[in-house]
S.K.: 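My structure is below; once you've seen it, I'll send some questions.
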Protein chains: 2
Amino acid sequence: MVDKLGRRSSSKGTALDLIRSSGPISRVELAEMTGLTQATISTVVRGLITDGLISETGRAESTGGKPRMHLQINPGSRLSIGVHVGADHITYVVTDLAGTVIGRLRAPGPADTSPIEAVATIATDVDRLISGLDIDRSRIVGLGLVTPGPIDKRSGSIQNAPTLAHWTDFPLARAVGTATGLPCVFDNDATAAAIGEYWMGATSDHLTYGSVYMGMGIGVGIVIDGSIYHGELSNVGELGHVSVDARGRVCPCGNIGCVELYAAPPAVVAAARRASAEGRLDLAFTGVVARDFEAVATLAMAGDATALELVTESAEYLASAIVSMVNLIDLHLIVLAGSAFSVAGSLYATTISRMLAERVLARSISGVDVRISVNGDDAAALGAATMVLQENLSPRSLRAVTLATAP
Amino acid sequence: MVDKLGRRSSSKGTALDLIRSSGPISRVELAEMTGLTQATISTVVRGLITDGLISETGRAESTGGKPRMHLQINPGSRLSIGVHVGADHITYVVTDLAGTVIGRLRAPGPADTSPIEAVATIATDVDRLISGLDIDRSRIVGLGLVTPGPIDKRSGSIQNAPTLAHWTDFPLARAVGTATGLPCVFDNDATAAAIGEYWMGATSDHLTYGSVYMGMGIGVGIVIDGSIYHGELSNVGELGHVSVDARGRVCPCGNIGCVELYAAPPAVVAAARRASAEGRLDLAFTGVVARDFEAVATLAMAGDATALELVTESAEYLASAIVSMVNLIDLHLIVLAGSAFSVAGSLYATTISRMLAERVLARSISGVDVRISVNGDDAAALGAATMVLQENLSPRSLRAVTLATAP
DNA sequence: ACACATAATAAAGTGACCTAAGAAAGTAGG
DNA sequence: CCTACTTTCTTAGGTCACTTTATTATGTGT
């Protein structure tokens, strides 16, 4: 199963992955795509059928011989719960194997509550969600928990996240796991969103991509050769703390000119306030950054010149950081996810796409695609849920697909 | 040997890697370090001995039972040639399995010669080097060829490198392979330098690190989990084109504020010329950037205030880009390689180290080590040579580098 | 000399793959 | 309908890199 050099048997997961993402598919096609022989696929598929994960659902047209049997996923056979603890909301989703949202719940964010209280709330919310859906608990594979900011995966705790500073070092993953009685997978929101995109099949044309996640801060989940990249100590993806001005503003993180200070919602809202004070923008501020940012974005989408300017400036700074990232690690697909893109995502996508086309070093070899997340506002929660499925059903698949293209 | 999921039998390579890097070592220790059983190690080691790659070289002290046999590499059993086509020199090295330089040759750079002429020159130079050393050609595993700038690994060609613009699209790797009659591995200098560090054992405490290479431009070789990261299309590591000022100088690459424009030798020399014009620096410029940069660096090391200021500014800009990179991909070791660090490397290392300690987001969890390459000025050429050894003898330990083989 | 410890090899088993050959299920021509 | 052919899927046996469990070699301490 797992050899000592860390490789892991994966053909079952790989096959499941392909069946899920490539709809009804035959054994022959699976063999072609994985590079495995039909004989091997045959036994792998039999295993998946006995596990109840897939079934045969009909036959294809004959091409002169025995027709192929179509294989399809049994979406309801396994379920997963995703929990995104964001700055202003906690979002819960229940998804099936196909990534379809079976249930959803959005509760107020934890704000200043202690992590212990928050864990209790999460547990009761999850319980309510499950019982409200009348689901057999045994079908639930596990719970994915994602939070913004730097985390320590080993201890399952948050580390100095600006919005949840007082949760630092609290063993969140373990606590949620015991409180809910479900196996708990823990990661940061940007990484989860990246996995979510993959699971939904939105990135099937790229094995390497970045999923930029902008909530209050800015992060990026990096998928390399079909594997989530976690870095040496899981502190990967702090795109918000890439500097766009070595002589610029001082960031609380210690660095100078962090793009977060120029492009993230708090920066945009601050700039909007200044514009408002100068009489260039007509907006009633609520004091809640997320809502005010949404208002600015809405105005920009409606064509307000000043709001448009503010959003474009944010997008351009963000794009500058993304260009640096692309030059550094050679990505050709950027997915935009997170609440900050829910209103003016298209504006961001256009600006970022344009700047990538003009500025990326390798643009002559291949351009960079920019897409908005297929998972909308729930990208992180949905990613959390799919993360669990990934972990349990396709442990290695976010890599094995490589083979298809191998010579 | 190679299963269809792209995994490759590697225990032999892994074992060789450990024997090479961890000096005389016993089978028992190998078993502990690899996680394989003693039985497996026993057979793997037998294979390496029959291949002539290693031998038993004595026994350890007994700890109450049968003493362990020491295993050691046979350095001379295999040789490799590394060729670095730089801006001002072509550097050739011949190394053995231990990474010891057996032969070395430095020839003038290709300047404006056509790639066809250059290939001919390289072939005769290699021939001269080999015959001068009286080496059995059959022991030569292959030739590693590295160049600055963006390359296309698939075609084995350079792509728009500033110093070798007219070589774009010429199938260099194939040409050198046929001209020399040696299997040819092709990559960029920064990546090669990173592999060189690994092979020399200088990074044995980190599985993930970056090797910053500064010649005329700035690149970085990224090793992730012990594997060289090549990116989706092998355009990874363009650290020089990370922006440090989104509103800054316009780079020929299309991007704005590229760190290369602030920190690389041409920028330092330009700044030195301005300082000289203002009478703040006493230096006779030769017009050759590499030599003038060396002069400035020498003055800085000697304590000249203005030169020190220039070098420090370069280091600070470079550090800013490195901080961004570290925040993005979570590295905890940075190696500095390339000719630009040969004089004032320690100055750069100090400045970069300081800024990383102050500015990296995850600094509370673990700091970032900064080291100067153990391979000095020949880091790229030496890396090229070790790349070949890596490819042929330890395919998996730094995951495979695609090959451009001669017929 | 003895018991005991440790190292290295041998032997047999396992899992994931392979190749090769057959069984099953269709089409096309007589 | 029968036969020939094609294509899909399964079965059977083999290989490879491991494993676990013994066995043999080579020491130390009493």
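Model, not experiment: these values are computed from the prediction. So you know, we letter chains A, B, ... as the sequences are listed, proteins then strands, and number each from 1.
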S.K.: Rounded at 0.5 Å granularity, tell me how far CD in Gln72(B) sits from CZ in Arg20(B).
M.R.: 13.0 Å
S.K.: To check you understand the geometry: which heavy-atom pair defines the closest contact between Leu36(A) and Ser11(A), and what is its length?
M.R.: CD1-CB, 3.8 Å
S.K.: How far does OG1 of Thr180(A) sit from CD1 of Ile140(A), to the nearest 0.5 angstrom?
M.R.: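 One gets 9.5 Å once the value is rounded to the nearest 0.5 Å.
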S.K.: Could you check Arg68(B), Met69(B), Met33(B), His70(B) and say which one makes a side chain to side chain contact (heavy atoms under 4.5 Å, CB included) with Ile25(B)?
M.R.: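 Considering Arg68(B), Met69(B), Met33(B), His70(B), a side chain to side chain contact (heavy atoms under 4.5 Å, CB included) with Ile25(B) is found only for Met33(B).
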S.K.: Could you measure the distance from the CG atom of Asp369(A) to the NE2 atom of His332(A)? Nearest 0.5 Å is fine.
M.R.: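 If I round to the nearest 0.5 Å, the distance is 11.0 Å.
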S.K.: Mind listing the closest non-hydrogen atom pair of Val236(A) and Ile329(B) along with its distance?
M.R.: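 Heavy atoms only, the tightest pair is CG2-CA, 3.6 Å.
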S.K.: For Thr40(A), which contact category applies under a 4.0 Å heavy-atom criterion: base, sugar-phosphate, or nothing?
M.R.: base
S.K.: Below 4.0 angstrom, which residues in residues 41-59 of chain A have at least one non-hydrogen atom near DNA chain D?
M.R.: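 Those residues whose heavy atoms fall under 4.0 Å from DNA chain D, taken from residues 41-59 of chain A in numerical order, are Ser42(A), Arg46(A).
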S.K.: Each nucleotide in nucleotides 1-8 of chain D should get exactly one letter: B, S or -. Can you fill that in based on protein heavy atoms under 4.0 Å?
M.R.: -----BBB
S.K.: If I compare all heavy atoms of Leu143(B) with all of Val388(B), which pair ends up nearest, and what's the gap?
M.R.: C-CG2, 3.4 Å
S.K.: Could you grab the distance from atom CG of Leu97(A) to atom CG of Leu53(A), nearest 0.5 Å is fine?
M.R.: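 Output value for this atom pair is 6.0 Å.
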S.K.: Under 4.0 Å between a side-chain N or O of Ser62(B) and OP1 or OP2 of dT26(D)?
M.R.: no
